[in-house]
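Letters go in sequence order (proteins before strands), and every chain restarts at 1. Keep in mind that this is a model prediction, so the values were computed, not measured. Side-chain atoms are counted along with the backbone in the values below, which use heavy atoms only and exclude waters and symmetry mates.
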There are 2 protein chains.
Amino acid sequence: MLRFIFSALFTFVILSAAHAQEWMSLVEDSDLSGWTKLGGDASYEASDGVVTGTTSADTPNTFLATAKTYSDFALSVELWVDPDINSGIQIRSESRDDYLDGRVHGYQVEIDPSPRAWSGGIYDEARRGWLYPLSVNQHCREAFQLEEWNHYYVEAIGHFIRTWVNDVPCAALYDDMTSEGFIALQVHSVPDSELAGRHVRWRNIKITDENVSPRPWTDNYVINLVPNTLSEQEVDQGFSLLFDGESTNGWRGAGKESFPEKGWKVEDGILMVEASGGAESAYGGDIVTMDEYSTFELSLDFKLTEGANSGIKYFITESYGSDASAIGLEFQLLDDENHPDATQGAAGNRTIGSLYDLIPAYEGKTVRKPGQWNRARIIVSGTRMDDAISGSRMEQSEFVGAHVEHWLNDRKVVEYERGTPVFDALVARSKYVVWEGFGHWPQGHLLLQDHGDEVHFRSIKVRTLN
Amino acid sequence: MLRFIFSALFTFVILSAAHAQEWMSLVEDSDLSGWTKLGGDASYEASDGVVTGTTSADTPNTFLATAKTYSDFALSVELWVDPDINSGIQIRSESRDDYLDGRVHGYQVEIDPSPRAWSGGIYDEARRGWLYPLSVNQHCREAFQLEEWNHYYVEAIGHFIRTWVNDVPCAALYDDMTSEGFIALQVHSVPDSELAGRHVRWRNIKITDENVSPRPWTDNYVINLVPNTLSEQEVDQGFSLLFDGESTNGWRGAGKESFPEKGWKVEDGILMVEASGGAESAYGGDIVTMDEYSTFELSLDFKLTEGANSGIKYFITESYGSDASAIGLEFQLLDDENHPDATQGAAGNRTIGSLYDLIPAYEGKTVRKPGQWNRARIIVSGTRMDDAISGSRMEQSEFVGAHVEHWLNDRKVVEYERGTPVFDALVARSKYVVWEGFGHWPQGHLLLQDHGDEVHFRSIKVRTLN
């Protein structure tokens, strides 16, 4: 036994040594020799290892970039920023003659002291815009402290980029666009001269880029831009793919035992419903998951064609025997600008993202046009205990999956409680009033709708919530 | 200055002495000589100052009552109860030949280890039933600890009876039915022999009944059964009367400068709308408060006549210029059983207690028949911050008075959030769709509706919430 312990200890010491991360300081004293200024004309100086960037009027975004490029690394830095200005840290970034005349572009870890408070999110500078907005991570929005030094930790390993602000998990981005590039400290352009002369400071800038081992997996939402894949963190969170990119495994026709023989196809990693004249479930028909779900999180990417109508339905109960599309709650998919149903219903409750014919999506929603990919996400969670007190008795009933959220392109657009009087009143004045017990189901299938228009789906993921 | 301090100190000592409460033990050792058993045949015994009551099969509620009666007093007692049985402490109670053949009746401070958890509430034994149910005080429902000794504090001063369980404020009842009576320890009857032989125990039973000074006022809801009065605690909480019992001061006709000359009258402490044929605001017309309210708590008693229709409206905005009843949100008043509107609307949203034509009242609501008094309560509270994030900007807007509750006879029957997409969707399919901005108003008058049927109002109280 003793021998085993010694053996284990020895092995541990060896492995630890092999995985020891060596941290290197990127700035010593006032030495900025490993850095180059790119972009605008804001100024940088170093003193005692603290880099101070100072805003300047009439100049574009300025970057102090490392000469060296980094692929897999972890970066640790403390920073302080004037509360009136914006800043950021570029990682895996580039400045190339063949891209916007050398403009610095790539992943930027945000420094945002504005009321929006998206510090720790990831913006794709001069390229795709917001990749990881903090609308999906309210907890992180509270991590950054105004007018204090804040600690940022950034980890880039393979496709996975993760950030922490003061040790709160912030962004979790899985992307394969750029795997290597410089690190750069941004001084943002300022809109008027009054904001010139303001400071942003970085200190204790340390990096490790060999044998980088990931921090433990966390429970913040992962934005995964690599089609039909699961990052390790998503696997750890319990997600599985409902579409493998190649087959229709896991799906069947609604009310049928097998997958439709026409109307649907898989091509180039896309599950596609074909155009067939715009009628509801008249050609290939809707498809449903083999499994049923009660509390769950579903996310998928979808791409509409012009004027298209489709939908993602949940809690599908095939026993109703509807002649048309199967009955369930529907996350509406619609080209609002080119399909007449957008103006039907009430208060906009048939527009994209809405709970169809019941609750309109948030007016400020971000919608990408037909031909572009959008992300839909449905969360059904929680158990409500309904108390019924009658005389000296009290009866409690459980309503599982009470709380529902619709997310469209990383913004929450609908939020409601199933089975409440408010919900029942909405149903009673909707097209669903004819279906007994509508929306009170304890579980059901997930469904992709065939509304006779071409619509593309990919990266379909689901996990059960407890 | 020193002289002033000594003087103040001296005065304080004198006043303290004058107000010192002397506590007397009601049970010493095994001595129950000051007590009498009434009602059923459950057993009581005392040992070391602990009174143990034991349930018995086939016997009604049993009471161990003090020979002495108490009017103003404070009672302090610790108690332990078997979690399967119910018990209570009678105060200001009586056993009289001329009432139900001597049956013990009167105020009972509840001991309720059931899931309902109404320990500390006040039940009127063999008389009016629940006076202070804990449906109005969720905080107190968590005060009682199962299978532990719990400390009860009961204070009866003038009309005001208040209770604390483990120092959590529970009941606050203002009532004038009985001002003096005995104290009694209840052993409840049991429904089957399996529950015979179970125990409830009381110890450290102490009372003070001279110079009883009230504990500080607390913020739990006061149930005041004395018409058109305010208890000191309600005054402390900021309530004022909107009806003085004698005049129509504080009210005017909706859309008018003065009070209607016909259709309304004040009689015997009642503000009454007279019968005029059942039409909406056609005779005397609706009346509104002089003042407007934004966040507030309104409570009143109302009594319907058979088949009557009326309503309490809030956020009244007279500028719409409606021909019929003024436009606002309405707590529906209706004789559900005898007025056809109860079956109209959707999902029951025109029945009593409902947010008229929008949200149905809780099905399990308690409704007292025409000719009996009911209590209505409307709470409008809270400010919701709506975030609109657009690009790098974030705009926040305040929605004051976002959360609304309707209470009917001490049960919450409707709960909703004004100005949400769910709310707007409800409005869009209601009779209110024609009124621009319906339900989004920042403040408005309170209104009592003339729907041509005789309805009585009294004890109309309001306070502004912050």
Ring-face cation of A/R377 near A/Y221 (centre distance under 6.0 Å, axis angle within 45°): yes
Interchain contact, A/S430 with chain B, by part (heavy-atom threshold 4.5 Å): both
Largest heavy-atom contact set with chain A, pairs under 4.5 Å, which of B/G364, B/P360, B/A388: B/P360
Salt bridge present between A/R116 and B/E395 (N-O < 4.0 angstrom): no
A/D357: partners by side-chain hydrogen bond (donor to acceptor under 3.5 Å, both in side chains), with sequence neighbours left out: A/R350, B/R429
Side chain / backbone / both / neither for A/L358 at chain B, heavy atoms under 4.5 Å: backbone
Residues forming a salt bridge (Lys or Arg N to Asp or Glu O under 4.0 Å) with A/D124, sequence neighbours excluded: A/R127, A/R128
Aromatic ring pairing A/W441/A/F315, orientation class (parallel under 30°, perpendicular over 60°, tilted between): tilted
Part of A/E110 lying under 4.5 Å from any heavy atom of chain B: neither
Side chain / backbone / both / neither for B/Q396 at chain A, heavy atoms under 4.5 Å: neither
Carboxylate-amine/guanidinium proximity below 4.0 Å for B/D336 and B/K369: no
Structural part of A/F423 lying under 4.5 Å from a heavy atom of chain B: neither
Most contacts with chain B, counted as non-hydrogen pairs under 4.5 angstrom, among A/T420, A/T366, A/D424, A/V422: A/V422
